[in-house]
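Here is the structure we will look at.
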Amino acid sequence: MKALKSVLLALFLAGLVATPAVLASPDIELVLATRQWKSFNPLTSSTVYANVVLDKIYEPLIRWDDSGFKLTGALAEKWEFKTEGDKKILTFYLRKDAKWHDGKGVTADDVKYTLELFQSDPAKFVNPDPLILKGLKEIKVVDKYTIQLIYDANEAPADTFLEMAFTTLFIVPKHIWTNKSIIPDPTASLDKPEQLIGCGPFKVVEIKPDEYVKLEAFPDHYLGKPEVDKVIFKIIKDRNQFAMMVAAGEVDAGYHYFFGKYLEEFKKMVANDPNVQIYRTASKSIHLLAFNFNKGFPYNNLEFRKAIAYALPVDKIVQKYYGADGAVLGSMGFLGPFFGNFAEYLPKEKLYPYDPQKAEQILDQLGFKDINGDGYRETPDGKPFEIYLLTRAPGDSFFRDAIGDEIAHYLEEVGLKVTVDKAGDYWNKWGAGSWDMAIVGFVPHKPTDLAWFTTGNPGNRVGYSNSEFDKLFDDFQKSGDPKLAYKLEETLANDVVFIALYHPVVATPYRIDHYRGWKPNPRYYTVGYWSLIGSPTKVIKETQVVTTTTKEKEVVTTTVEKKETVTATQTVEKGVCGPAALVGLALIPLLLRRRK
Amino acid sequence: MHMKKSFASYVIIKLIHKLITLIFVILLIYALLRLAPGTPFDQYLYQGKITQEQYERLLEEWGYKDNFITGAAKILYGMFTFSLFKMKSPVYNKPIIDLISIRLPYTLSLVTAAYFFGSMLGILLGLYCARNRGSLKESTILWVVLGIRALPVFWLGMVLLYFLAFKLGLFPYLTTSELEPQNVFHHMIDWLWHSFLPIVALSKIYAVSYLLTIRNMVTEEYTSDYVTALRAIGLREEYIVERHVLRNIMPPVITMMAIDLGFLFGGAVVTETVFNYPGMGTLIYEAMWNKDYPVVVASFYIIAVAVIVAITIAEITYAYLDPRIRRG
């Protein structure tokens, strides 16, 4: 009995000693999910799954702010554009307090080195936006913290697009990258902490390819120590596995999202858990029904494409799978609500409302008639006609297989025979151009991705060609004028280059029991830079942009479904000593009572 | 002496056969990869990250423009000189050996554990079924086992995760452990706990096929005259099974186990993908997806060599034990 009492007393004392330490400064440790990346390198990675992690380790010169719609300085405290004759000069003034994770200061030499490395082989350094190099003639270090980029004014893109492009260029440390014993090949995937020295708010502690990356707060970051102390990004490929892990409290958030019925199921799974919140936002992607212009008649015929547009009740089809609020019904233009004031919303149902009779009328006029009485129309020269519609394999992506069936059904209603190919090797077939019509998802990252519809652009897989559109695009790229974007969008809509289906509204969960400083935005959802920084110890300086800056965009369909009101950032300790002390306290009176 | 000579020539002929098989397998894999359209650089081109000229240069540089004969010759040269592993992956921009050396130990440990667990369970259940032939116990086991056999690994994986990890909390969701191992034993236990679900999912393939094979073979042996005779002289059932029945069925079982080694690697690709297991299966899956030819060919080369070596050892052992085999 004496021994037992001594043990309990020791436990109690241990608890007393340990408890204040836990309460004083609990570490915030988050487990976040990302997915399989191809390579892990700030300059050669091409997947969002690597970039969502690299974004915390490295800093660009300019980055998107916490709303995700406005640009702000990162390593550059301010920047300015000047035009001198046929030269456009972009000057970056760097912060003097930015440090690499090994303690050395970030200087203009590092920026110059990064730019020159990118310039040496842009085909291999595919992470930064190549617009940065368009018309770039000279890189000049003015002083330790000032660097000038001299562009050919006739070639350089608009200031606003250059600013956006610079958000994709992570600056790397020259002293590490030129040291062959640390980085033998700057194009290779990096998998050692000593190779991944950055100047971001987190430094790499451990990295295991295909498994995880462990990060730790960098106390000397120019914004101060981030609120989150430790982060482990785990590779979780499967959405269901992610759902289970969030529900079980094993993962706090991640770059995974749900939509449609998956979201409903997830909500049921976490219905009784007040610590799970869901952030919803319109995705960048647009899912559309494309016509293959390269196949010639009838796909290159405007009237035929209009007939298809009139034959399809897009709202009805999409809402069947997404419900009333699961997707923004597609704009007959290309850019969705994510692109704020660059996007003009041209709903299909307004321009080409569902009207099967009109569709049939147009098809009749074009000469597509059912001659042999089999219920399907033949071509004007009497040959059998069948549309080969390419879509994704079941369960692959955004219900596109089911939507393909629906489209086939409605086209058959107007007498068009359709073969739906739910291809597992979708991308190969899409690239090879062997399809007539295809349901495809595009993910534009910037307004200038409208280039995918210019003549001869490698991204122009539909084969659309319109010299007027090309000319407009050139003007748009050089001026950055949103009004020209609207004109481009209207051209696409008038030419029925595709039939817009939807911009999915994605939903991603995050837990608030370990951390409440989340700042979700549409770029990296809940796991963006600002989300993990929380409220850093230093006040964020006002960024000065001397000339052109992008205007603040309107946030569309971005909501947080709150199941609980979050009032302040609080943390929940994970320590075991506190509970041990409580057990000790509870047991001592019991023990004494038994002795009596 | 004569026997030794003929055995040696048997071994040499077998090795030549296997070498031809290996070359054929590698060429077949390379041909299949070439038939599939696409390259790792297509998406950069489509996204406007690189120009058409840069794309052409990358294709040239990484051998995606080689004709089949040149490409195959490079692969075969790499195969015989082992320089295949020094070739770089166009996706990771790293030598293949760097990629494989991290992942191979994971797959080997998974495959070994699943192999032993599955075959032992299959053999034991097979013996049990044979000895209880016609009973309710046997038919229940068979029904359950055949049901499990019909389940695809990706579905079984999800069900195991849902019930054993999510509902009961018995096993972790991910196969990777972030703990620093204190000692070998601790490391082993931690690995087993984390890898238990993929081991179960992978071993079901073997457990079921062994169960059925052993059950049929043992049943057949049970009906043979020598077993009746042994029973008649009053020997114990366990003695008959251990000393006679098992010995008689062992050679075909050994062959089967060797051949199954190949299927294990195949099954590992699916299982690893389902469970996020960071092994060769995941590497191959990603490499196929990314059209990373060098990595796919080098990975299959390792698997093909492993399978062929296992089969060759089984054949030679078999031939050594049973001279009738080598006489053809």
Side-chain angles (χ1 to χ4, degrees), chain A residues 36-41 44 46 121-124 126-131 185-191 206 208-212 214 232 234-238 240-245 247-248 250-251 269 425 427-432 434 443-445 448-449 451-452 456-461, chain B residues 36-58 61 88-95 98-99 102-103 106 154 157-158 161-162 165-167 169 172-178 180 272-279 282-283 285-286 289-292:
Chain A
Q36 187 77 40
W37 53 68
K38 286 185 186 178
S39 74
F40 198 73
N41 177 319
T44 64
S46 59
D121 198 348
K124 287 195 176 153
V126 288
N127 203 19
D129 189 335
L131 269 189
D185 177 359
T187 62
S189 186
L190 308 175
D191 50 20
E206 191 190 354
K208 275 198 178 180
D210 292 350
E211 296 184 57
Y212 59 79
K214 276 186 188 174
I232 175 163
K234 292 188 178 182
I235 294 177
I236 301 173
K237 287 175 227 162
D238 187 79
N240 299 311
Q241 204 167 344
F242 171 72
M244 286 190 268
M245 291 180 79
E250 299 238 346
V251 163
M269 199 188 251
D425 56 346
W427 282 112
N428 296 333
K429 287 180 173 164
W430 165 255
S434 56
V443 190
H445 293 281
T448 46
D449 281 340
W452 292 336
N457 186 288
N460 186 352
R461 309 311 293 168
Chain B
T39 73
F41 321 110
D42 290 4
Q43 59 146 326
Y44 305 145
L45 180 72
Y46 301 161
Q47 288 172 355
K49 293 244 176 194
I50 56 174
T51 61
Q52 190 69 41
E53 294 75 49
Q54 289 167 338
Y55 174 73
E56 300 293 331
R57 178 172 68 78
L58 287 174
E61 197 177 308
K88 276 188 174 182
S89 145
V91 174
Y92 299 89
N93 246 315
K94 293 186 90 166
D98 288 1
L99 301 170
I102 303 174
R103 291 155 179 97
Y106 279 97
F154 63 86
M158 268 301 134
L161 274 177
Y162 184 74
F166 183 59
K167 284 286 169 191
Y173 294 87
L174 296 176
T175 52
T176 53
S177 167
E178 308 112 46
E180 284 297 319
E272 286 186 7
T273 312
V274 172
F275 287 96
N276 268 325
Y277 192 83
T282 304
L283 182 71
Y285 178 84
E286 292 297 326
W289 197 246
N290 297 329
K291 313 281 176 207
D292 191 343

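Chain letters run A, B, ... following the sequence lines, proteins first, then strands; residues in each count from 1. Not measured: the values here are computed from a predicted model.
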- Task: Please flag which part of K124(A) lies under 4.5 Å from any non-hydrogen atom of chain B: side chain, backbone, both or neither.
- Result: side chain
- Query: Is chain B contacted by the side chain of P122(A), its backbone, both, or neither, given a heavy-atom distance below 4.5 Å?
  - Reply: both
- Pick one of side chain, backbone, both or neither for L161(B), based on which atoms fall under 4.5 Å of a heavy atom in chain A. both
- Under a 4.5 Å heavy-atom cutoff, which of G456(A), P128(A), P444(A), A248(A) has the most pairs with chain B? A248(A)
- Message: Using modelled atom types and a 3.5 Å cut-off, is there a donor and acceptor pairing between side-chain atoms of T273(B) and backbone atoms of T282(B)?
- Response: no
- Task: Check each atom of L58(B) against the heavy atoms of chain A and say whether the ones under 4.5 Å are side chain, backbone, both or neither.
- Result: side chain
- Among Y44(B), Y173(B), Y92(B), Y106(B), which has the most heavy-atom pairs under 4.5 Å with chain A? Y173(B)
- State whether the side chain of S189(A) and the backbone N or O of F40(A) hold a donor-acceptor pair below 3.5 Å, judged by distance alone. yes
- Heavy-atom pair count under 4.5 Å with chain A, highest-scoring of Q43(B), E53(B), E286(B), K291(B): E286(B)
- Measure the spacing between CD1 of I102(B) and CG of D210(A) and express it to the nearest 0.5 Å. 8.0 Å
- Shortest non-hydrogen pair, R57(B) vs A123(A), comes out as NH2-CB, 3.5 Å
- Query: If you count heavy-atom pairs under 4.5 Å between each of T448(A), N41(A), V251(A), D121(A) and chain B, which one has the most?
  - Reply: D121(A)
- Note on the structure: When the 4.5 angstrom heavy-atom criterion is applied to A451(A) and chain B, the contacting part is neither
- Message: Check D185(A) with K94(B), please: is the shortest side-chain N to carboxylate O separation under 4.0 Å?
- Response: no
- Any chance you could measure D238(A), atom CG, to M245(A), atom CE, to the nearest 0.5 Å? 11.0 Å
- Task: Considering non-hydrogen atoms only, spot the tightest contact between P90(B) and P40(B) and give its length.
- Result: CG-CG, 4.1 Å
- Interatomic distance, CD1@I235(A) vs CD@Q36(A), rounded to 0.5 Å, equals 5.0 Å
- Task: Output the option from K208(A), E250(A), R461(A) having the highest count of non-hydrogen pairs under 4.5 Å with chain B.
- Result: R461(A)
- Query: Side chain of K49(B), backbone of N127(A): donor and acceptor closer than 3.5 Å?
  - Reply: yes
- With respect to chain A, which residue among F166(B), Y162(B), Y46(B) yields the maximal number of heavy-atom pairs within a distance under 4.5 Å? Y46(B)
- Can you tell which part of I236(A) gets under 4.5 Å to a heavy atom of chain B, answering side chain, backbone, both or neither? both
- Query: Between N290(B) and chain A, which part of the residue has a heavy atom less than 4.5 Å away: side chain, backbone, both or neither?
  - Reply: side chain
- What distance separates I232(A) CD1 from Y212(A) OH, expressed to the nearest 0.5 Å? 6.0 Å
- Task: Could you check which of D98(B), V274(B), N93(B) has the highest count of heavy-atom pairs closer than 4.5 Å to chain A?
- Result: N93(B)
- Item | Among S39(A), A432(A), P130(A), A188(A), residue most engaged with chain B (heavy-atom pairs, under 4.5 Å) | A188(A)
